[in-house]
Colleague: 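Starting off with a structure, shown below.
Convention: sequence-line order gives letters A, B, ...; per-chain numbering from 1.
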Amino acid sequence: MNNKEKYYITTAIAYASRKPHIGNSYEIVLTDAIARFQKLIGKDVFFLTGTDEHGQKIQLEAEAKGISPQQYVDGVAGEIKDLWGLMDTSYDKFIRTTDPAHKKVVQKIFKKLYDQGDIYKSEYEGWYCVPCESFFTETQVTDGCCPDCGRPVQKTKEEAYFFKMSKYQDRLMKHIEEHPEFIQPESRKREMINNFLKPGLQDLCVSRTSFSWGIPVDFDPAHVIYVWIDALSNYITALGYDPDGSSDLYKKYWPADVHVIGKDILRFHTIYWPIMLMALGEPLPKQIFGHPWLLFDNDKMSKSKGNVMYADDLIRHFGVDGIRYYLLSEMPFAQDGNITYETIIARYNSDLANTIGNLVNRSVAMVSKYFGSVIPAPAAYNDLDNDLVATALSTVADVKSKMDNLKASDALSSILNLARRSNKYIDETMPWALAKDESQKERLQTVLYNLIESIRIISVLISPFMPSTSAKIAGQINAGELSWESIQSFGKTKAGVNVGIAEPLFVRIDENEKMAQILAEQPKTAPAEKQEEPEKDTKPEVSIDDFAKLEFKTAKIISAEKIEKSDKLYKLIVEIGTEQRQIVSGIAKHYTADELIGKTVIVITNLKPVKLRGVESNGMLLAASIGDDLSLCTTDKPFPGGAQVR
RNA sequence: GGCGGUAUAGCUCAGUUGGCUAGAGCAUGCGGUUCAUACCCGCAGUGUCGAUGGUUCAAAUCCGUCUACCGCUACCA
């Protein structure tokens with residue numbers, strides 16, 4: 001009985017280590033808008049979101065709080081659900097990777113892949129982060145440092161399971177070539193092909209023994225299934241996939257029509273995930289969209305920078321639809337978007353309050369004033385109407401085509417254009433002048449009818465983006481029909497029904513006042529955030545003997561030379577007492593050679609020598625860093641090289 | 001270093017397969033209007049379409065080189 005076309009859409013599952021900020025929340029709002037739109041045009045939509053709840057980081061956070069990991073993630077998952085609720089999102093299912101059903105199927109998947117030889121056990125030589133007690137592949141290591149804690153990693157061996165990625169490489173390459181829409185946006189596709197597929201895929205390490213908070217490998221319980229197989233398979237376990245026979249739900253909805261994810265995890269979704277599915281013999285998702293990031297004042301949002309915005313705070317100030325509108329209209333398709341309080345206020349006032357809000361308000365007010373709140377029947381058309389009608393209809397078509405390509409911001413700007421056209425129509429037809437002339441009554445009826453109809457169309461079109469505003473508008477004009485079908489032609493508004501009371505949809509915001517209010521709130525939240533900061537970066541306690549193993553000395557830089565074919569590396573010659581040494585250091589982004597020469601810095605002198613870019617390095621300079629910013633450690637007063645540092 | 005992307009009005013960006021006086025929104029200035037949330041409508045702009053060569057009857061749009069910024073990737077003991 002249900003023969004609607006199905007549409008399966010997912011967000012990435014959010015990592016349940018802490019409350020997501022507004023940048024993280026953008027994803028679910030975008031996905032929600034797409035899902036609601038597809039529903040509106042008549043598809044049978046299934047919208048999945050959820051949380052990724054395993055891993056060492058969560059284990060550590062829980063330990064620090066003195067509670068079990070399960071208790072910890074229960075708390076965070078609850079917070080996330082609350083936020084998603086506040087954002088007015090309409091997901092059909094919220095999966096948690098700690099759900100028993102998910103765990104069971106992930107174990108089966110692992111076993112199946114092992115049994116068919118795609119997963120094998122081996123010695124893993126990789127990068128190891130001591131304080132975190134965890135392993136990383138070459139590619140996971142960011143800037144020579146642990147991706148979790150940011151400290152240097154070292155090479156070590158561990159027994160582990162591996163997935164034979166290379167076996168499916170050619171098939172994947174072919175698939176990507178034959179399905180140009182598979183990876184979006186386009187430029188990301190090239191990155192994946194050129195950086196990973198063409199050079200050849202390495203086998204992926206898919207288990208850990210260094211921590212226990214995860215899904216155990218059932219036939220080898222010392223191992224825990226590492227994040228990729230666990231997290232990615234949520235997209236199919238949520239529907240009831242099972243290697244021994246899947247559910248009807250799965251058969252109906254899989255493959256996904258689109259996975260909406262952040263651009264940072266594109267690799268896992270466009271390479272590892274499809275390969276896993278190939279290995280399982282399941283169809284691949286149709287499309288993967290790596291959306292851009294939302295930046296705060298052109299800077300990455302992070303706790304340590306103190307520039308984090310949270311959805312709940314923003315909603316308090318600007319309303320859900322105010323924020324949804326901002327996120328959806330301001331974010332470009334492929335480039336990072338930006339958010340500041342000032343720009344939110346500017347967009348809110350001009351687009352929502354002035355253009356849309358005022359249009360509805362003035363139109364409803366005129367119906368009340370001139371026709372006792374009863375929507376009049378159209379009676380006398382003329383040429384002024386043609387363009388409004390044409391714009392309304394072409395907007396409907398345009399929004400559809402934009403949304404089919406996931407271009408939410410373009411779709412919204414198209415709708416805004418219709419609102420502007422409608423405002424202009426009022427000026428062209430001058431209803432207040434028509435009202436003074438009894439002989440123009442039929443014309444006045446027509447004008448107001450057309451306006452209400454145009455507003456009705458707008459309210460339908462914005463419903464995926466601003467659901468509650470859409471409902472409010474529909475309420476004010478008492479629109480009966482809000483279906484997609486009803487806006488395929490102009491004129492489905494019913495004459496003779498009463499409009500409601502004209503109430504402003506969006507109250508204009510006074511920028512100065514609002515900014516003062518926001519600033520006044522900031523101190524309250526800042527200290528609370530700072531408290532959490534230190535514990536995240538704390539290493540295990542060591543004895544004085546551990547410290548004594550390291551030798552630090554002052555060193556005077558006597559020459560600095562950029563290493564060829566490297567962006568960051570300097571070959572430095574330093575003087576430590578009477579000795580001269582060559583040290584390679586990655587600080588070229590922060591210091592020029594001239595700035596370095598003559599400085600007295602602190603050096604670890606008994607570090608095992610290594611070669612970097614073929615150049616030998618006998619030690620390491622100490623430097624402080626926050627994010628991308630870096631500052632060398634020097635002595636407080638002029639000091640010669642060679643002095644002990646302790 | 002390798003791969004890729006972007007550089008267009010003060011700001012944020014559109015500009016499909018090269019074609020007439022290069023566009024939109026916001027901000028600015030001027031004018032109009034009063035139904036409406038000091039709102040709306042109109043007009044005015046400014047632009048060496050990053051720089052420089054080339055292909056072409058014709059290039060913001062194609063090709064070469066250069067510069068700046070961004071992303072992915074490697075190097076940062």
Colleague: Taking ring pair (Phe, Tyr, Trp, His ring centres under 6.0 Å) as the test, write out the residues that go with A:Phe163, two or more places apart.
Modeller: none
Colleague: Give the nucleotide from the list B:G4, B:C40, B:U37 with an atom nearest to the side chain of A:Asn423.
Modeller: B:C40
Colleague: Please list every donor-acceptor pair under 3.5 Å in which a side-chain atom of residues 502-511 of chain A meets a protein atom from a residue at least two apart or in another chain.
Modeller:
residue, atom, partner, partner atom, Å
A:Arg508, NH1, A:Asn354, OD1, 2.7
A:Asp510, OD1, A:Asn512, N, 3.1
A:Asp510, OD1, A:Glu513, N, 2.9

Colleague: Who are the side-chain hydrogen bond (donor to acceptor under 3.5 Å, both in side chains) partners of A:Gln169, not counting sequence neighbours?
Modeller: none
Colleague: Output the single nucleotide from B:A36, B:G71, B:U33 whose closest atom is nearest the side chain of A:Ala365.
Modeller: B:A36
Colleague: Select base, sugar-phosphate, or nothing to describe what A:Asp427 touches, counting heavy atoms under 4.0 Å on all strands.
Modeller: base
Colleague: Which residues within residues 367-387 of chain A lie with some heavy atom under 4.0 Å of an atom in RNA chain B?
Modeller: A:Lys369, A:Tyr370
Colleague: Take atom P in B:A60 and the same atom in B:C49, then report the distance between them in whole Å.
Modeller: 7 Å
Colleague: Tell me, which pairs form a side chain to side chain donor-acceptor pair (under 3.5 Å) where one or both residues lie in residues 405-416 of chain A, sequence neighbours left out?
Modeller: A:Asp398-A:Ser414
Colleague: Is the positively charged end of A:Lys514 above the ring of A:Phe318, judged by distance under 6.0 angstrom from the centroid and angle within 45° of the axis?
Modeller: yes
Colleague: Using a cut-off of under 3.5 Å, enumerate the N/O to N/O pairs linking the protein to nucleotides 5-7 of chain B.
Modeller:
residue, atom, partner, partner atom, Å
B:G5, OP1, A:Arg190, NH1, 3.3

Colleague: Not counting sequence neighbours, which residues clear side-chain hydrogen bond (donor to acceptor under 3.5 Å, both in side chains) with A:Glu442? List them please.
Modeller: none
Colleague: Does B:G42 have OP1 or OP2 sitting under 4.0 Å from an N or O in the side chain of A:Lys424?
Modeller: yes
Colleague: Taking only residues two or more places apart in sequence, or in another chain, which ones meet A:Tyr325 in a ring pair (Phe, Tyr, Trp, His ring centres under 6.0 Å)?
Modeller: none
Colleague: How far, in whole Å, is B:U48 from B:G32 if one measures between their C1' atoms?
Modeller: 36 Å
Colleague: If you pin A:Asp264 and A:Asn354 to their nearest nucleotides in RNA chain B, which one's is more 5'?
Modeller: A:Asn354
Colleague: Taking the P atom of each, how far is B:C63 from B:U6, in whole Å?
Modeller: 11 Å
Colleague: When the distance from CD of A:Glu428 to P of B:U34 is rounded to whole Å, what number comes out?
Modeller: 16 Å
Colleague: On the side chain of A:Asn195, is there an atom forming a donor-acceptor pair with the base of B:G2 - under 3.5 Å, no angle test?
Modeller: yes
Colleague: Excluding sequence neighbours, so at least two apart, what forms side-chain hydrogen bond (donor to acceptor under 3.5 Å, both in side chains) with A:Arg324?
Modeller: A:Asp32
Colleague: Going by the rule ring pair (Phe, Tyr, Trp, His ring centres under 6.0 Å), which residues pair with A:His317 if we only count those two or more places apart in sequence or in a different chain?
Modeller: none
Colleague: Taking distance alone, no hydrogens or angles, what donor-acceptor pairs closer than 3.5 Å link side-chain atoms of residues 366-378 of chain A to residues at least two apart or in another chain?
Modeller:
residue, atom, partner, partner atom, Å
A:Ser368, OG, A:Val364, O, 3.1
A:Ser368, OG, A:Ser373, OG, 3.4

Colleague: Using a 3.5 Å limit on both pairing distances, list the dot-bracket string of RNA chain B from the 5' end; Watson-Crick and G-U wobble pairs count, crossing pairs take [ ], interstrand pairs take |.
Modeller: (((((((..((((.....[...)))).(((((.......))))).....(((((..]....))))))))))))....
Colleague: Quick check on RNA chain B: between A:Glu330 and A:Gly357, whose nearest nucleotide comes earlier from the 5' end?
Modeller: A:Glu330
Colleague: Within this structure, what is the CD1-to-P distance between A:Ile426 and B:U33, rounded to whole angstrom?
Modeller: 17 Å
